[in-house]
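Note that the structure is predicted; figures quoted are calculated from it, not measured. By convention here, the first residue in the shown sequence is residue 1.
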Amino acid sequence: MKKCAIVTGASRGIGRAVAAALAREGWGVCVNYLRRRDCAEALCQSLAAEGCRALPVQADVADKAAVEAMAEQARRSFGPVSLLVSNAGIAGQMLFQDVREADWDRYFAVNVKGAYNAIQAVLPDMLHAHAGSIVTISSIWGLRGASCEAVYSATKAALIGLTRSLALELAPTGIRVNCVAPGVIDTDMVQVLGRETLDALAEQTPLGRLGRAEDVAEAVRFLAGDAASFITGQVLGTDGGFIV
Ligand code: NAP
């Protein structure tokens, strides 16, 4: 039986698809959410009906104590954590001159400190086991930058630096650290852009469509699993060829 996986931000969108894919593969999955308890519970119930193991756990990833409590709850239910998918994130468009200090701080607290909190909470289990896999979720905008998304892009670039550095630091311990950089994925996060912009982004994507959350989940599943046992420190684009 596969062990314990934590997926942050798993009530909706990409995290939800990742959690479902992992649970169907036999992982015991901690389905983390911030506010949408209804979505997290509905996902866990439908997975349970399929015979899968999933537990909804509320925690703001920006809150270190809450993340540690979540890891403890996951451990109690499914055993030591051997996979973390650090996915929870927030995005928004604004001119850089309009970015308030509170915006800057919140984006970094959720998108970057959230990863720091989650990784630190699960590392003791992985170090003890001399094994484990961590997958962070960046973005194409962390690789190439985006107008009116400077703060978001900065947080996503930071995750790539964190992933690569940790991959090197943790390699001798048998823990792999990789990153997925999705393109434009059709989730709640991007609906604010409006249909016209989303259609234009689909057109700019060489494969001619927006991504689905399941497209990203497949990339995460690959990097997380044994098929990727010789892969660490990599950034896997899941973007329909947006960045080549
Ligand atoms: P989404 O549809 O907006 O879902 C966000 C998820 O994160 C929800 O489950 C939400 O929980 C959770 N969340 C938000 N803030 C949180 C916090 N402070 N603590 C814990 N959970 C929190 O987003 P998505 O499109 O699936 O994006 C997931 C990740 O992929 C993000 O890191 C995003 O930056 C990245 N990404 C997305 C795209 C895209 O085009 N969609 C592209 C590249 C990268 P609640 O349901 O409780 O609110």
Side-chain angles (χ1 to χ4, degrees), residues 1-11 14-33 40 43-44 47-48 50-59 61 64-89 114-138 159 162-180 216-236 238:
M1 188 189 279
K2 288 214 161 112
K3 301 184 204 122
C4 177
I6 294 178
V7 183
T8 65
S11 42
I14 292 169
R16 178 189 163 91
V18 170
L22 294 174
R24 288 182 183 124
E25 258 200 342
W27 292 89
V29 181
C30 168
V31 173
N32 162 246
Y33 66 95
L43 172 64
C44 293
L47 287 168
E50 294 177 38
C52 302
R53 299 172 301 146
L55 176 77
V57 183
Q58 197 282 334
V61 291
K64 194 164 175 57
V67 172
E68 279 165 5
M70 168 179 73
E72 189 47 37
Q73 230 180 308
R75 215 172 270 129
R76 273 204 306 271
S77 297
F78 304 126
V81 183
S82 54
L83 169 59
L84 168 69
V85 183
S86 180
N87 163 80
Y116 156 80
N117 286 340
I119 294 168
Q120 281 214 333
V122 303
L123 258 186
D125 284 352
M126 295 185 183
L127 289 169
H128 187 256
H130 298 285
S133 176
I134 296 168
V135 181
T136 60
I137 306 293
S138 178
L159 285 175
L162 178 70
T163 302
R164 288 178 171 149
S165 303
L166 269 184
L168 293 171
E169 187 174 321
L170 295 174
T173 70
I175 300 167
R176 297 181 303 104
V177 191
N178 289 290
C179 177
V180 172
V216 183
E218 281 306 303
V220 171
R221 205 163 61 91
F222 165 67
L223 286 174
D226 290 344
S229 64
F230 200 50
I231 299 177
T232 196
Q234 300 307 303
V235 180
L236 178 56
T238 310

On a heavy-atom basis, the closest approach of S138 and L159 is CA-CD1, 4.4 Å
Point-to-point distance, once rounded to the nearest 0.5 Å, from CG of L236 to CZ of F222: 7.5 Å
With distance as the sole test, does N32 use its side chain to make a donor-acceptor pair with the main-chain N or O of M70 at under 3.5 Å? no
Interatomic spacing from CG in L223 to OG1 in T232 - rounded to 0.5 Å: 9.5 Å
Any idea which heavy atoms bring A21 and A217 closest together, and the distance? CB-CB, 4.3 Å
Over all atoms of both residues, closest heavy-atom pair of W27 and K3: CE3-O, 3.1 Å
Can you tell if the side chain of N117 reaches within under 4.5 Å of the side chain of V61, non-hydrogen atoms only? no
Hits for side chain to side chain donor-acceptor pair (under 3.5 Å) against R75, two or more places apart or cross-chain, chain-then-number order -> E72, D125
So if I apply the side-chain contact (heavy atoms from CB on, under 4.5 Å) rule between C30 and each of V81, V57, V7, L84, which one comes out positive? V57
Separation between CD1 (I119) and CD1 (I175), nearest 0.5 Å, reads 10.5 Å
So, the side chain of N87 versus the backbone of I14: is there a donor-acceptor pair under 3.5 Å, distance only? no
Return the OG to CE distance between S82 and M126, rounded to the nearest 0.5 Å. 6.5 Å
If you take all heavy atoms of Y33 and S11, which pair is closest and at what distance? CB-OG, 3.4 Å
Any chance you could measure L170, atom CG, to L127, atom CG, to the nearest 0.5 Å? 6.5 Å
Do R176 side-chain atoms and V135 backbone N/O form a donor-acceptor pair below 3.5 Å? no
Minimum-distance pair of heavy atoms, taken over all atoms of N178 and G233: OD1-N, 3.1 Å
Using the rule side-chain contact (heavy atoms from CB on, under 4.5 Å), only one of V85, V67, V122 pairs with I6; which is it? V122
Would you say the side chain of L47 lies within less than 4.5 Å of the side chain of V29, judging by non-hydrogen atoms? no
If I compare all heavy atoms of V31 with all of A54, which pair ends up nearest, and what's the gap? CG2-CB, 4.1 Å
Polar side-chain atom of T8 near backbone of A88 as donor-acceptor pair, under 3.5 Å: yes
By salt bridge (charged side-chain N to carboxylate O under 4.0 Å, His left out), which residues pair with E218, not counting sequence neighbours? R221
When rounded to the nearest 0.5 Å, the distance separating CG of L162 from OG1 of T136 is 7.0 Å
